[in-house]
Amino acid sequence: MVMNNPRYHTPIFPLLGYQVTGVYMNNWDVVDEHGICSAEKDCEDAYRVCQTLDIPFHQVSYVKEYWHEVFSYFLSEYEKGRTPNPDILCNKHIKFNHFLNYAIDNLGADAIATGHYSRTSHEDEEIFQHQYSRGPQTLFRNRFEKRNYVKLLQAADHFKDQTFFLSQISQYALRKTLFPLGGLTKDFVKKIAAEAGFHHVLKRKESMGICFIGERNFEKFILEYLEPQPGNFVSIEDGKILGTHKGWFLFTLGQRARIGGLRDAWFVVDKDVATSDVFVAPCTDHPALYRDLLRTDRMHWISEEPPAELVNTKMMECHFRFQHQMALSMFAIGHKLFLSSA
């Protein structure tokens, strides 16, 4: 949704007073393994909602941008043995960059509203009041410049909280976005939708697949784009070969490795890109599955600069997660971008 200044009042949203336009983004136009392109049905559902609300409806395509800025990187990281999160990349590059700019520059919007379960430290009205430009990013800023940074906050519904997927968006985007569902629970949102007559939307299954691509048989899907790299499952304990696989890039550290002929569960602890071996351990509490130190890439600060505590002391305690809905852990972060258990 794109939203204009509250001075425009429409009877559709008498309490909010926003002039609202619905926009559907199409970022993927390839059929799934069953020959179905879900984008057409998704677009139809969005159009029906806008018809019911009597608001304008637009479509915009970012298929090319999604391929180059999200999916190509996604494949490249898998080839290197890492497991990227396409939802985070999609939000960073597509929804809160290309789409946000389209809404402001082409539709004349003052802000966008998305269905993410998240909140910010801004009140809705403040979004239409502040003057914040998306000027060129520079390494240093004027130290005398006063800026009231907007914080990304967890949703009221902690189970549905989606701040993990928004962790790479810019300060500018955060200042231009409303999250209407941030203070609501999923059950209450469904109740509102039912009362508004959106039963066709309520019948939809909740999406758990790759951002804008949908739910797929992951192995078949990824092997359409990457050459198979067959190798062995190797026990981390004694080096015994337990089975074979079609590619080490199909497995994520920590996940269960389904090895044919073995009844017991084995879990991935390491991958050797050179030999295509995937090393596995026999239980969830095996020492090889745990680390007390990890190195990360360049940090992304939503406030655009590191916290004062880290700058001053070269060390800072923070909460950390690497998976959506994973429990937050307390970590210490150091100035060399190391994270270690606190």
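Index from 1, following the sequence.
Other residues, nucleotides and ligands contribute at most 12 non-hydrogen atoms within 6.0 Å of the CD atom of Glu227. The environment of Arg258 atom CZ is sparse: at most 12 non-hydrogen atoms of other residues, nucleotides or ligands sit within 6.0 angstrom.
The hydrophobic cluster containing Leu100 also contains Leu152, counting ILVMFWY residues as joined when their side-chain heavy atoms lie under 4.5 angstrom apart, directly or transitively. No chain of hydrophobic side-chain contacts below 4.5 Å, direct or via other Ile, Leu, Val, Met, Phe, Trp or Tyr residues, connects Val150 to Leu153.
Lys271 places a side-chain N or O within donor-acceptor distance of the main-chain N or O of Gly81, the cut-off being under 3.5 Å. With Asp161 contributing its side chain and Ala155 its backbone, the two residues share a donor-acceptor pair below 3.5 Å. Using modelled atom types, no side-chain atom of Arg256 and backbone atom of Phe267 make a donor-acceptor pair closer than 3.5 Å. Under the 3.5 Å distance criterion, the side-chain polar atoms of Glu77 are left unmatched by any main-chain donor or acceptor of Arg82. Judged by distance alone, the side chain of Asn232 and the main-chain N or O of Val234 form no donor-acceptor pair under 3.5 Å. The closest donor-acceptor contact from the side chain of Ser76 to the backbone of Ser72 lies at 3.5 Å or more, if one exists at all. Between the side chain of Asp87 and the backbone N or O of Phe165, no donor-acceptor pair lies under 3.5 Å. Remark: the backbone N or O of Leu174 is not paired with any side-chain donor or acceptor of Thr177 at under 3.5 angstrom.
Between Phe71 and Trp67, the two ring planes are tilted [angle within 30° to 60°]. Between Tyr62 and Tyr102, the ring planes lie perpendicular to each other; the angle is over 60°, past the 30° to 60° tilted range.
Partner of Phe233 under the ring pair (Phe, Tyr, Trp, His ring centres under 6.0 Å) criterion, out of Trp266, Phe279, Phe251: Phe251 alone.
In terms of heavy atoms, Ser276 sits closest to Pro230 at CB-O, 3.5 Å.
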Evaluate His200 against Asp45 for side-chain contact (heavy atoms from CB on, under 4.5 Å), listing each step before the verdict.
CA-CA 7 Å; His200 67 288; Asp45 287 343; 3.5 Å; yes
Does the pair Glu69 and His98 meet the rule for a side-chain contact (heavy atoms from CB on, under 4.5 Å), with working shown?
CA-CA 11 Å; Glu69 299 178 43; His98 290 298; 2.8 Å; yes
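Looking at Asp187 and Lys191, no side-chain N of the basic residue comes within less than 4.0 Å of a carboxylate O on the acidic one, giving no salt bridge.
Listed by chain and number, the hydrophobic cluster partners of Val63 come to none, as no ILVMFWY side chain reaches under 4.5 Å of it.
With sequence neighbours left out, Tyr73 forms a ring-ring contact (aromatic ring centres under 6.0 Å, His included) with no residue at all.
A donor-acceptor pair shorter than 3.5 Å cannot be found between the side chains of Ser118 and His116.
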